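Everything below concerns the one structure shown next.
This structure is a prediction, so every number in the text was calculated from the model and none was measured.
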Amino acid sequence: MSISISNLTKKYGEQTVLNNVTFEIGEGEVVGFLGPNGAGKTTTMKILAGALSYDTGKVKICGVEVSENPLKTKSFVGYLPEQNPLYLDMYVKEYLLFVAETYGLGKERHERVNELIDKVGLRPEFHKKIGQLSKGFRQRVGLAQALIPNPKVLILDEPTTGLDPNQLEEIRGLIREIGKDKTVLLSTHIMQEIKAICNRVIVINNGDIVADYSDLSKIKAFDENSYHLEVEFIREVNLEILEKLEDVTNVKRVAANSFTIIASSDIRSLLFDFAVGTKNKILMIKPIERSMEEVFKSLTN
């Protein structure tokens, strides 16, 4: 596993920020890390990057325990924090060569920096000072510095915040390209980002992992705790009777014989049995398409 976290706990004084967090991310996965402000996303990412200590649990990067060998695990990780810490008075290439030197790259640092300038699309701006760049190009500089050591794991904390639509698409395309040969953990509040970039999403709320979707298409229909169905009968049905069916939590009439039903389990077979038992017929039954926004809201409220 590229990332393995087991029973990770972190406290600030009396406040528990991470509460026995456990998940694994395999090689080559691009994972979206979702959660409201204060959920524990940035804390988790700082711990993975070796920038923050933790209280209890196990955190491994590429099989190496972070607390036991921090220098080695840092060599596996490229990290772009939410507030991109750049030296604004330095020229783009000058800054990247400086970062390369801190990683111990020798003569090859010039070749590596030139390669990354082309890879992240900085060639038209590389002669400028970083302070003269737009937000989009500054993010490219941040990505380039995170990629200098050719890390196996790339950790990106809200890398597209504040970008305009054109910059958004460019950075997303760049992350998709990078994700072809690296493990990427990406935090964001933007649902479209998850759809555009990721093949898996982990949701954290109040320091707890509340969902882990390896198949994003399932989000459109169900989440683990709530099934949303639309059903139409051939004859009228008493709404109150439907409400009393096992595992049904909510029923709403949308037409004379049509209902939307929310249940805590998949009750489709139960509805068919109900129709047979009441000498009725079901004309249509289907899961209701739910947006990622709706699922996120239901998980984190």
Side-chain angles (χ1 to χ4, degrees), residues 3 5-25 29-49 51-57 59 79-85 135 139 142 154-165 168 171-172 175 184-228 249-250 262 264 288-301:
I3 294 173
I5 293 178
S6 177
N7 299 316
L8 174 62
T9 298
K10 173 67 178 176
K11 294 183 178 182
Y12 293 118
E14 296 298 316
Q15 181 185 6
T16 300
V17 182
L18 298 174
N19 182 29
N20 288 317
V21 167
T22 298
F23 64 81
E24 292 184 336
I25 299 176
E29 286 192 273
V30 180
V31 179
F33 199 30
L34 284 179
N37 290 330
K41 302 187 301 299
T42 294
T43 298
T44 303
M45 291 180 136
K46 285 181 177 179
I47 288 171
L48 286 168
L52 189 66
S53 64
Y54 50 96
D55 298 321
T56 60
V59 180
Y79 176 45
L80 177 61
E82 182 180 359
Q83 302 298 328
N84 194 352
K135 177 72 183 289
Q139 288 299 85
L154 191 60
I155 297 174
L156 308 174
D157 195 355
E158 301 196 28
T160 60
T161 300
L163 301 185
D164 67 35
L168 272 174
I171 296 297
R172 286 174 185 170
I175 295 170
V184 179
L185 180 63
L186 164 81
S187 78
T188 181
H189 289 108
I190 306 170
M191 300 300 157
Q192 290 85 352
E193 203 117 283
I194 299 297
K195 300 172 188 175
I197 301 174
C198 303
N199 50 38
R200 176 181 166 196
V201 59
I202 296 172
V203 184
I204 187 170
N205 188 44
N206 292 326
D208 293 303
I209 301 299
V210 294
D212 187 342
Y213 295 100
S214 57
D215 183 355
L216 300 189
S217 65
K218 290 182 179 179
I219 295 178
K220 292 182 178 180
F222 302 131
D223 65 65
E224 282 90 342
N225 302 310
S226 182
Y227 289 72
H228 294 233
T249 57
N250 185 271
I262 301 175
S264 58
I288 296 174
E289 295 265 311
R290 302 179 69 207
S291 68
M292 291 184 70
E293 288 83 356
E294 289 175 310
V295 175
F296 176 77
K297 186 176 179 180
S298 68
L299 289 169
T300 58
N301 267 348

Approximate separation, where rounding is to 0.5 Å, of Tyr79 OH and Leu154 CG
11.5 Å
Considering residues at least two apart in sequence or located in another chain, which fulfil the salt bridge (charged side-chain N to carboxylate O under 4.0 Å, His left out) criterion with Arg172?
Glu193
Take Ile262 and Ile288 through the side-chain contact (heavy atoms from CB on, under 4.5 Å) test and state the conclusion after the steps.
CA-CA 10 Å; Ile262 301 175; Ile288 296 174; over 6 Å; no
Could you go through Tyr54 and Leu18, starting from their C-alpha distance and side-chain angles, then the distance that decides it, and tell me whether this counts as side-chain contact (heavy atoms from CB on, under 4.5 Å)?
CA-CA 9 Å; Tyr54 50 96; Leu18 298 174; over 6 Å; no
Which distance, rounded to the nearest 0.5 Å, do you find between the CD1 of Ile194 and the CD1 of Ile202?
10.0 Å
Where Lys10 and Ile47 come nearest, the two heavy atoms and their spacing:
CB-CD1, 4.3 Å
Just how far is it from atom CD1 of Ile175 to atom CD1 of Ile197, taken to the nearest 0.5 Å?
4.5 Å
Applying salt bridge (charged side-chain N to carboxylate O under 4.0 Å, His left out), name anything that partners Glu29, two or more places apart in sequence or on another chain.
Arg200
Any donor-acceptor pair under 3.5 Å from Lys41 side chain to Pro36 backbone
yes
Show the nearest heavy-atom pair for residues Pro159 and Ser187, with the distance to one decimal.
CD-O, 3.7 Å
Checking Asn7, Asp208, Leu8, Ile209 against Asn19 for side-chain contact (heavy atoms from CB on, under 4.5 Å), the one that qualifies is Asp208
So, for Gln139 and Asn84, which heavy atoms are closest and what is the spacing to 0.1 Å?
OE1-ND2, 3.1 Å
Has Lys135 got more than 12 heavy atoms of other residues, nucleotides or ligands less than 6.0 Å from its NZ?
yes
Might you point out which heavy atoms bring Lys11 and Asp55 nearest each other, and give the distance in Å?
N-OD2, 2.6 Å
Let me confirm one number: the CD1-CZ distance from Ile3 to Phe23, rounded to the nearest 0.5 Å.
6.5 Å
Between the CG atom in Leu48 and the CD1 atom in Ile25, the distance rounded to the nearest 0.5 Å is 7.5 Å
Identified side chain to side chain donor-acceptor pair (under 3.5 Å) counterpart of Asp157 within the set Thr188, Thr42, Thr44:
Thr42
How far does OG of Ser264 sit from CG of Asn250, to the nearest 0.5 angstrom?
12.0 Å
With a sphere of 6.0 Å drawn around CG of Asn206, does it hold more than 12 non-hydrogen atoms of other residues, nucleotides or ligands?
no
Would you name the heavy atoms of Ala211 and Tyr213 that are closest together and state the gap between them?
CB-CE1, 3.7 Å
Nearest heavy atoms of Ala49 and Ile155, plus distance in Å
N-CD1, 4.1 Å
